[in-house]
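Structure first, commentary second.
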Amino acid sequence: MSIKTKKNIAVNRLSLAQRLCSTPILLLIITIVSLILRTLTVGYLDSTGDAYMIWRACRELIEQGTPFSPPGVWDHRMLRWALSIPMLISQQITNSHPGSYYLWPIVSSTITTVFSFLLAKKLTTTIPALFVAVTVMLYPMIQYHGSQIMPLGTGVMFTLIAIYCLFCWLDRKSWLLLILSSIMMFCAYGAKITAFFFLPGIFIVILKGSYNGKWNFKTFKPLAIFCLVFLVLFIIECVVFQNITTVTGGRFGCLLNGQGDLEVRTQYLEQRGHVEWRSQAETLKEYLLYFMAYHKYVPSVNAWLLNGGILLSFVLLMIKNHKLREMAIIYIPAYLIFTYAVLGTYPFVKPERIISRYYTVCYVMSIIMALCTLFYLWGKMNIKTISLKTKNISLGNIVILITAVSLFLYVTEKPKYGQNISITQENYAKVLQARREMAPILMRSTDDQKHDWKYIKRYRAFYGKTTEGFYSPPMAVKVNENGKEVVYIVLETNNSTTIQKALIVSDNGRFVFKS
């Protein structure tokens, strides 16, 4: 083979590699892989409030014209319109089939992965961005949000899109990008009100990006536009929800009125021993050390991401990479508000319980900052290859190998691919069959009343009739099985008083016929 032919082959290979590594192709690959992984690894329908309450409220709104029972009662869950609107759309398309519960979580977590890649690419280059995308894709909290209807599953998606649009505005100074960033942040607020915590850092970044050496009208004009768009959307939201709920102040008024319910719930949980419902600090020293509470209430990896992110952010303020500095500027105020926001002093009382999923946006931002900083520093040290005996191994090849092995181990570790979607579909088919046969639907009672109520509410949310009360106490029957008396909870009677051919829900959530 001639030298010219070898050169042509090398050029063709390089051209192919460049095409494969182009952003559109990589985005397509990331999207497909994420969709497949999310679909294969979905968890069973969650028993937490947001998971089934928003779904049930959307069903009632479609079928009855008003959400929740009793009619006209709106709470903070249904008011999360950025999450409830996609639920309404998916239910309208699928006629409220329980299997469509997974559609939005799968899509939103995939979009989160895609914009993690785009944001990391904006901060550094393609290879670290790929590493970020895979890490976010495999991160347990993103997997959880990819299975369940949770506010921050949607909130993290909109926040990342907003930050990405903001960084694009810093490069191009296009007003459209700034307006889009404001709209996305408002959507994040529409999913979870704590999105407000990221606004101070965003304001600082906007001012920093528009500062031209002196303070004048032009310096504050971009910030004014961002705030004006946000304020207009906020006013529209208030008017719309005020007309819907007849509560002064719309959604914000409903949230303020709901504080009484929160106080009642807090007292109820504390009476049952849940003293950690809202963490307290009795002294100023305990308050200042609030960040240590994350290691008590949040799983260790998440806690280290939270506290490691703030330490890294202060380091990033001193490096020359201005994009990484701006990520740190957004992260620092959000972390401080999350940690030190209180409802009252002496004792210092946090407004919310410390729950791992509340900080998902911070986790993802920490992952992006950490990996991008690592590759940035690696590039500064000019380490392009690693010597192994007589061969030099490309850093890019190492990253690709680690990514491939991680994906393989993650996928092969999951023993039950897709079963949770099939269980949901199977349950729904059997519920419809029981209704056709006029057979009652029963559930075996446990010794734990709280556990029973989770199953009851989950059944009523996804499979029950919306004409029946969601909170009404269920009826129980006693059945003699092999000389032993067993208690069953009646989920539906279907105009039948017998329990022959009754439908039973087992411990794993799957319905089986009772002979």
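All values reported here derive from a predicted model rather than from experimental measurement.
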Report yes if the distance between the aromatic ring centroids of Y340 and Y287 is under 6.0 Å, otherwise no.
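Yes - the distance between ring centres of Y340 and Y287 falls below the 6.0 Å cut-off.
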Any chance the rings of F338 and Y335 have centres within less than 6.0 Å?
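Not close enough - the centres of the two rings lie 6.0 Å or further apart.
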[Y] and [X] side chains, donor-acceptor separation under 3.5 Å:
X: Q148; Y: Y101; value: yes
X: Y331; Y: S366; value: yes
X: H145; Y: T360; value: yes
X: Y294; Y: T339; value: yes
X: T466; Y: E60; value: no

Classify the ring geometry of W169 against W175: parallel below 30°, tilted from 30° to 60°, perpendicular beyond 60°.
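Correct class here is tilted.
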Quick check: does any side chain N or O of [X] sit under 3.5 Å from a backbone N or O of [Y], one acting as donor and the other as acceptor?
X: S116; Y: T112; value: yes
X: R38; Y: M137; value: yes
X: S147; Y: Q143; value: yes
X: S90; Y: M87; value: yes
X: E286; Y: P347; value: no
X: T124; Y: A120; value: yes
X: R59; Y: A461; value: yes
X: R56; Y: F462; value: no
X: T113; Y: S109; value: yes
X: N307; Y: M292; value: no

Can you name the closest pair of heavy atoms from A188 and G155 and give their distance?
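Shortest heavy-atom separation between A188 and G155 comes out as CB-O, 3.9 Å.
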Would you compute the distance between atom [atom1] of [X] and atom [atom2] of [Y] and round it to the nearest 0.5 angstrom?
X: I206; Y: S181; atom1: CD1; atom2: OG; result: 6.5 Å
X: L152; Y: L83; atom1: CG; atom2: CG; result: 10.0 Å
X: T159; Y: I202; atom1: OG1; atom2: CD1; result: 7.5 Å
X: Y359; Y: T194; atom1: OH; atom2: OG1; result: 9.0 Å
X: I368; Y: F117; atom1: CD1; atom2: CZ; result: 12.0 Å
X: W81; Y: T154; atom1: CH2; atom2: OG1; result: 10.5 Å

With side chains defined as the heavy atoms from C-beta onward, is the minimum distance between [X] and [Y] less than 4.5 Å?
X: M141; Y: Y144; answer: yes
X: W55; Y: S100; answer: yes
X: Y189; Y: I193; answer: yes
X: P222; Y: S210; answer: yes
X: T424; Y: Y102; answer: yes
X: F226; Y: M185; answer: yes
X: Y139; Y: L305; answer: yes
X: P128; Y: L374; answer: no

Using the rule given for side chain to side chain contact (heavy atoms under 4.5 Å, CB included), can you reason through V301 versus Y363, listing the C-alpha separation, both sets of side-chain angles and the distance that settles it, and then say yes or no?
CA-CA 9 Å; V301 173; Y363 304 148; over 6 Å; no
Among all residues two or more places apart in sequence or in another chain, which pass the side chain to side chain contact (heavy atoms under 4.5 Å, CB included) test with L88?
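Only C58, L61, I62 meet the side chain to side chain contact (heavy atoms under 4.5 Å, CB included) criterion with L88.
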What do the steps show when you test M53 against K457 for side chain to side chain contact (heavy atoms under 4.5 Å, CB included), and what is the final call?
CA-CA 9 Å; M53 290 295 289; K457 288 188 287 188; 5.7 Å; no
Enclosure of [X] [atom1] (heavy-atom neighbours >12, cutoff 6.0 Å):
X: K221; atom1: NZ; result: no
X: W104; atom1: CH2; result: yes
X: K173; atom1: NZ; result: yes

Evaluate the side chain to side chain contact (heavy atoms under 4.5 Å, CB included) criterion for residues L311 and V315: first the C-alpha distance (whole Å), next the side-chain angles of each, then the deciding distance (0.1 Å), finally the verdict.
CA-CA 7 Å; L311 293 174; V315 173; 5.9 Å; no
Which residue in the set I204, I337, L317 passes side chain to side chain contact (heavy atoms under 4.5 Å, CB included) when paired with I332?
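When side chain to side chain contact (heavy atoms under 4.5 Å, CB included) is applied between I332 and each of I204, I337, L317, only L317 qualifies.
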Cation over ring, K192 on Y358, under 6.0 Å and within 45°?
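Yes - K192 lies over the ring of Y358, closer than 6.0 Å to its centre and within 45° of its axis.
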